[in-house]
Amino acid sequence: MPMGHTATAHAGSGGLTATEHRLANGLRVVLSEDHLTPVAAVCLWYDVGSRHEVKGRTGLAHLFEHLMFQGSKNVSGNGHFELVQGAGGSLNGTTSFERTNYFETMPTHQLELALWLEADRMGSLLAALDDESMENQRDVVKNERRQRYDNVPYGTAFEKLTALAYPEGHPYHHTPIGSMADLDAASLEDARAFFRTYYAPNNAVLSVVGDIDPEKTLAWVEKYFGTIPGHDGKQPPRDGSLPEIMGEQLREEVVEEVPARALMAAYRLPHDGTRECDAADVALTVLGSGESSRLHNRLVRRDQSAVAAGFGMLRLAGAPSLGWLDVKTSSGVEVPAIEAAVDEELARFAAEGPTAEEMERAQAQLEREWLDRLSTVAGRADELCRFAVLFGDPQLALTAVQRVLDVTAEEVQAVAAARLRPDNRAVLVYEPLEANAADDTDETDASDENEGAEQ
């Protein structure tokens, strides 16, 4: 049987507990009992994301997420979806910069099925991976890129800002969706090598949360996952460290068919897992989360220069996190006016810091968001995996709420003053195609008149 230990409830964990175990092949297993409802969540995180990809093969991690639903040795075609949904469960998978995850939520009596399905594709997917499934899912991913990025207003903003914020050659310079050219270039052997390298038990964390019998669950995990061999060929991801401050403002203007002018910016912030990152999260919540935030009150309510104004955070462990500003202008308002107002609000916040009322409201909002995630079996399973993979300790998920509440107003002000500066951001400005065309027409008319006068 696997070795493991049982954790006691930590302060600030709300009484939640988790047990940690490790199989002989390296698979880490985290179990958390919750008998409130007769359901169980299975979550499997593989320590592979777009940061592990190399130039010319971007998008492979996301492509493989899709290939994992195309059958394995004992489950053909769309069988994984059919078996889970037929048993009354739900399932999906996602890819990010830092990981790929797969998850099911099942009625308790169907838990063994979910564990068998995940083990079967971890251990035998290569038996079913062929040219047909490769081409099928390549087309699916390319179509997803068209629908979510290329053919929607502001769809490429995330990709463009990421490329600006992280320099060429940085492992986070490209997003998980990948480029069309790289998706076309990926071969079947590329996919097979990717699977052999990263889809191994010693590169994964499995969490099971809910109405479970831990001893029986662990026995099932050992039965189905225990014979899958590990793999030692994985190289560590490239170094993602960067200076704390960009040192200049990076800008790009995009003229597209968008409904309104927009100002978007990415500020370089502290790495996830640090106290400074939690302080930055509180700062961005005060500044731009919800209708009570400073930017909403200034731009949308008072000035009426914007129809929407938000400021959120992309937490990253292997590279600096990003503070994500997104403002859509009101009709006729120019972006420089918006940018000046934003800079004025950020400078005021850096000089004065948050009020006691703002701190209480922001921390309460972040506390509610954390508790919402931990209160569902699926959300807790995902957070246990996240902290195990990215920080080495799943127990940190159970005390994250308290760490946010421990942040002081002085720390929030300090991180805002240090990081929310014009020389520490990448800026993307969207101009509607129609407005630009109108400007061009006016300039052309004036030019023609001048030429006629000269003649």
Side-chain angles (χ1 to χ4, degrees), residues 10 12-13 28 30 43 45-52 61 94-101 158 161-162 165-166 170-176 205 207 236-246 265-289 311-325 362-363 365-367 369-374 379-408 411-412 414-416 418-420 424-426:
H10 292 275
S13 69
R28 288 177 290 170
V30 184
C43 187
W45 271 46
Y46 290 93
D47 187 9
V48 58
S50 58
R51 68 170 173 165
H52 296 85
T94 66
T95 310
S96 76
F97 289 102
E98 301 182 321
R99 59 96 184 108
T100 308
N101 67 347
F158 180 61
L161 267 181
T162 299
Y166 301 110
H170 190 274
Y172 293 68
H173 179 71
H174 68 278
T175 57
V205 172
S207 66
R238 289 170 291 139
D239 182 18
S241 60
L242 289 169
E244 290 188 355
I245 301 297
M246 294 182 189
Y267 292 78
R268 188 176 291 174
L269 296 178
H271 289 237
D272 192 13
T274 63
R275 189 176 177 97
E276 293 78 12
C277 186
D278 289 334
D281 206 356
V282 175
L284 298 191
T285 302
V286 172
L287 286 164
S289 181
F311 212 168
M313 189 170 192
L314 175 63
R315 286 177 173 260
L316 295 169
S321 302
L322 293 180
W324 207 268
L325 175 71
Q363 288 177 309
Q365 180 176 332
L366 292 170
E367 180 183 27
E369 291 171 1
W370 265 108
L371 293 177
D372 282 348
R373 287 198 289 275
L374 294 179
R380 196 183 322 154
D382 192 58
E383 291 298 337
L384 289 169
C385 279
R386 182 167 84 90
F387 281 93
V389 169
L390 299 181
F391 307 109
D393 184 2
Q395 308 294 339
L396 291 172
L398 306 181
T399 56
V401 175
Q402 189 58 49
R403 290 193 296 278
V404 171
L405 298 179
D406 287 342
V407 169
T408 67
E411 290 173 303
V412 172
V415 76
R419 300 300 190 101
L420 300 182
N424 187 39
R425 68 184 176 202

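Just so you know, these numbers come straight off a predicted model, no measurement behind them. Below, each value reflects all heavy atoms present in this structure, side chains not excepted, and no hydrogens, waters or symmetry copies.
Using modelled atom types, no side-chain atom of E276 and backbone atom of V415 make a donor-acceptor pair closer than 3.5 Å. With H173 contributing its side chain and Y166 its backbone, the two residues share a donor-acceptor pair below 3.5 Å.
Side-chain contact check for V30 versus V205: some heavy-atom pair is nearer than 4.5 Å. By the 4.5 Å heavy-atom criterion applied to side chains, V407 and Q363 are counted as neighbours. For the pair Y172/L322, no side-chain contact is recorded, criterion being any heavy-atom separation below 4.5 Å from C-beta on. Two residues are said to be in side-chain contact when any heavy atoms from C-beta on lie closer than 4.5 Å; T100 and W45 fail this criterion. In this structure, the side chains of L316 and L269 stay at 4.5 Å or more apart for every pair of heavy atoms. For the pair L371/V401, a side-chain contact is recorded, criterion being any heavy-atom separation below 4.5 Å from C-beta on. Using a 4.5 Å heavy-atom cutoff, the side chains of E367 and L405 are in contact. Contact annotation: the side chain of V48 never approaches that of T95 to less than 4.5 Å [non-hydrogen atoms, C-beta and beyond].
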**OP:** I would like to know whether D281 and R315 meet side-chain contact (heavy atoms from CB on, under 4.5 Å); could you show each step before the answer?
**Re:** CA-CA 9 Å; D281 206 356; R315 286 177 173 260; 3.0 Å; yes
Subject >> Residue pair T408, E411: steps toward the side chain to side chain donor-acceptor pair (under 3.5 Å) verdict >> reply: CA-CA 5 Å; T408 67; E411 290 173 303; 3.2 Å; yes
Original post:
What do the steps show when you test T94 against R99 for side chain to side chain donor-acceptor pair (under 3.5 Å), and what is the final call?
Top reply: CA-CA 8 Å; T94 66; R99 59 96 184 108; 3.1 Å; yes
Original post:
side-chain contact (heavy atoms from CB on, under 4.5 Å) between L420 and R425: does it pass, once the steps are laid out?
Top reply: CA-CA 8 Å; L420 300 182; R425 68 184 176 202; over 6 Å; no
Original post:
R419 and Y267: side chain to side chain donor-acceptor pair (under 3.5 Å), yes or no, with the steps?
Top reply: CA-CA 7 Å; R419 300 300 190 101; Y267 292 78; over 6 Å; no
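When all heavy atoms of T175 and F97 are compared, the pair lying nearest together is CA-CE2, 4.0 Å. Residues R51 and L390 come closest through the heavy atom pair NH2-CD2, 4.4 Å. Across every non-hydrogen atom of M313 and P270, the tightest pair is CE-O, 4.5 Å. When all heavy atoms are compared, the tightest approach of R403 to D278 is CB-OD2, 3.8 Å. Contact record, A165 with A266: CB-CB, 4.4 Å, taken as the closest heavy-atom pair. Taking every heavy atom of both residues into account, R275 and D406 meet most closely at NH2-O, 2.9 Å.
Between V412 and the options L287, V286, V282, T285, a side chain to side chain contact (heavy atoms under 4.5 Å, CB included) holds for only V282.
Between the CG atom in L284 and the OG atom in S289 there is a gap of 9.0 Å [rounded to 0.5 Å]. The distance from the SG atom of C385 to the CZ atom of R28 is 9.0 Å, given to the nearest 0.5 Å. If you take OG on S207 and CG on N101, they are separated by 9.5 Å, rounding to the nearest 0.5 Å. For the atom pair H271 NE2 and F391 CZ, the distance stands at 10.5 Å (nearest 0.5 Å). Distance CG/L314 to CG/L161: 11.0 Å, rounded to 0.5 Å.
Sorted by first and then second residue, the salt bridge (charged side-chain N to carboxylate O under 4.0 Å, His left out) pairs involving residues 384-401 (not counting sequence neighbours) are D272-R386, E383-R386.
Side-chain contact check for R268 and S321: no donor-acceptor pair (N or O, by modelled atom type) lies under 3.5 Å.
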